[in-house]
Amino acid sequence: MEYIQIKGSPKKVSRLMKGSDYFYHDTYEKAAANLDAFMAIGGNSIDTAHIYCGGQSEEVIGRYMQERGNREDLVILTKCAHHDHNGPRVNKEAIQADLTSSLARLKTDYIDLYALHRDDPAVPAGEVIEILNEHVKAGSIRAIGVSNWTWQRIKEANEYADANGLVGFSFSSPNLSLAKANEPFWAGCVSADEETCAWHEQEQFPLLSWSSQARGFFTGRFTPEVRDNADLVRVFYSDDNWERLERAKQLAEKKGVSAIQIALAYVLNQPFPTCALIGAQTSEELHSCDAGSLIELTKEEMDWLDLAVQKV
């Protein structure tokens, strides 16, 4: 397992991050077994959110850490201030409420990586930095970051932090995958485009990718004719993505791996620090991800997969 460092968190962060949006109380044993297996291959970072599974995801992780006594061995990424039926919730009251309940659910007194789940462009980025710095100062959170914010908003926030002697954002968690999204998964979601990736490279700013394997697009289960998954059709079905899939298959055959492992390697071979959120729920899926995370791709191979060149 490889690791990165994220400013604000003293712990190293495994480049594979365990997804937990299927962690429910009635399937606790499965979640605990999945986490044990993940840690056995060197994984230590878990992705969750205040809204996942109606709060049960955080509660299951809290129970697991308490039973195993391994809180200090794990890096917890959780997210707050997701909008509700009334609209955006990026404000002091919502952040305070979500943080308080997340800490209680997780049975911990601090969060390693704390992110705003969504953005509200109507709120000045500097105001958000001020709110989060209160909790950093109190010791409740360590590194702060965002999910589904544009790079321009992150830049605005960090310029404010620098100008005012405050802690800025040190990571971002948008979607990044070899398959490029035609449109957002959900309203307000952000996928890393070419301009975003260029900014991350320039700043060497860590990116923690959700849907890093494009929701199974590269498994071989999907073709232009198979249209039973409406969301996958809407977001990922395009001529360019079918070409990317074909190239992933060709490169996989050449390297003796699978196309979905090539897709994971694409995320982890970017010219800036990256982690990939993975949804592996079986031993086979987990070990596939583990092997895929160690595949090295050259710049020429990356450009070819990205359709930037015709030959590799």
Side-chain angles (χ1 to χ4, degrees), residues 1-20 34-48 61 70-78 111-113 115 142-143 145 147 169-179 192 196-197 199-214 218 248 251-252 254-306:
M1 182 69 65
E2 296 179 339
Y3 306 85
I4 67 169
Q5 288 294 146
I6 293 179
K7 185 177 180 181
S9 176
K11 301 176 189 175
K12 62 184 182 180
V13 179
S14 61
R15 298 193 71 197
L16 293 180
M17 306 190 80
K18 184 71 186 75
S20 66
N34 284 176
L35 288 172
D36 285 342
F38 179 62
M39 294 189 72
I41 64 168
N44 74 337
S45 52
I46 306 173
D47 169 70
T48 186
I61 294 167
N70 61 3
R71 173 66 185 97
E72 291 308 308
D73 298 327
L74 291 167
V75 174
I76 303 301
L77 162 62
T78 195
I111 307 296
D112 300 277
L113 311 175
R142 293 185 174 172
S147 182
F169 293 134
S170 56
F171 67 92
S172 177
S173 184
N175 161 245
L176 171 64
S177 65
L178 176 56
T196 300
C197 289
W199 180 81
H200 275 270
E201 181 177 4
Q202 176 184 322
E203 299 296 320
Q204 287 300 295
F205 197 79
L207 186 154
L208 319 179
S209 170
W210 56 264
S211 286
S212 59
Q213 292 170 297
F218 294 91
L251 189 58
K254 178 179 176 182
K255 291 181 177 291
V257 298
S258 66
I260 198 165
Q261 287 175 314
I262 292 293
L264 179 62
Y266 170 84
V267 171
L268 296 176
N269 276 269
Q270 296 294 319
F272 49 85
T274 55
C275 294
L277 280 53
I278 59 169
Q281 298 185 34
T282 68
S283 177
E284 181 182 6
E285 290 172 346
L286 181 62
H287 287 286
S288 171
C289 289
D290 186 28
S293 73
L294 300 178
I295 296 171
E296 293 185 3
L297 299 177
T298 66
K299 184 180 186 305
E300 291 74 21
E301 289 169 333
M302 292 283 284
D303 287 343
W304 184 69
L305 288 169
D306 242 343

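Without hydrogens or angle criteria, N175 side chain to S211 main chain gives a donor-acceptor distance under 3.5 Å. S209 places a side-chain N or O within 3.5 Å of a backbone atom of L176 that can act as its donor or acceptor partner. In this structure, Q204 contributes its side chain and P271 its backbone to a donor-acceptor pair below 3.5 Å. A donor-acceptor contact shorter than 3.5 Å links the side chain of S45 to the backbone of S14. Checking side-chain atoms of W210 against main-chain N and O of L277 turns up no donor-acceptor pair under 3.5 Å. Checked by atom type and distance alone, the side chain of T274 pairs as donor or acceptor with a backbone atom of V267 at under 3.5 Å. In terms of modelled atom types and a separation under 3.5 Å, the side chain of R15 and the main chain of M1 share no donor-acceptor contact. With D47 contributing its side chain and A276 its backbone, the two residues share no donor-acceptor pair below 3.5 Å. The backbone N or O of L294 sits nowhere less than 3.5 Å from a side-chain atom of E2 that would complete a donor-acceptor pair. At distances below 3.5 Å, not a single donor-acceptor pair connects side-chain atoms of E203 with backbone N or O atoms of W199.
Distance check: Y266 OH to Q213 CD gives 14.0 Å after rounding to the nearest 0.5 Å. Put simply, CG on L16 and CG on L268 are 6.5 Å apart, with the number rounded to the nearest 0.5 Å. Rounded to the nearest 0.5 angstrom, L251 CG and E301 CD are separated by 5.0 Å. Atoms CG and CD1, from L77 and I6 in turn, are 8.0 Å apart once rounded to the nearest 0.5 Å. Note that the CG atom of N44 and the CE atom of M17 stand 8.0 Å from one another [nearest 0.5 Å]. Rounded to the nearest 0.5 angstrom, E201 CD and Q270 CD are separated by 8.5 Å.
Taking 4.0 Å as the cut-off between side-chain N and carboxylate O, R71 and D112 count as a salt-bridged pair.
The shortest heavy-atom contact between R142 and P10 is NH1-CG, 3.7 Å. Nearest approach of G292 to A265, heavy atoms of both residues: O-CB, 3.7 Å. Heavy atoms only, all atoms of each residue included: S212 and L264 are closest at OG-CD1, 4.2 Å. Taking all atoms of both residues into account, the shortest heavy-atom contact from S173 to L208 is OG-O, 2.6 Å. Taking each heavy atom of S170 and K7 in turn, the nearest pair found is OG-O, 2.8 Å. The shortest heavy-atom contact between A280 and N34 is O-OD1, 4.3 Å.
By the 6.0 Å contact criterion, NZ on K255 is enclosed, its count of non-hydrogen atoms from other residues, nucleotides or ligands being greater than 12. Crowding of E284 atom CD: a count of heavy atoms from other residues, nucleotides or ligands under 6.0 Å not exceeding 12.
Of the candidates L74, I76, T78, I76 is the only one forming a side-chain contact (heavy atoms from CB on, under 4.5 Å) with I61.
Under the 4.5 Å side-chain criterion, counting only non-hydrogen atoms from C-beta, F218 is not in contact with S258.
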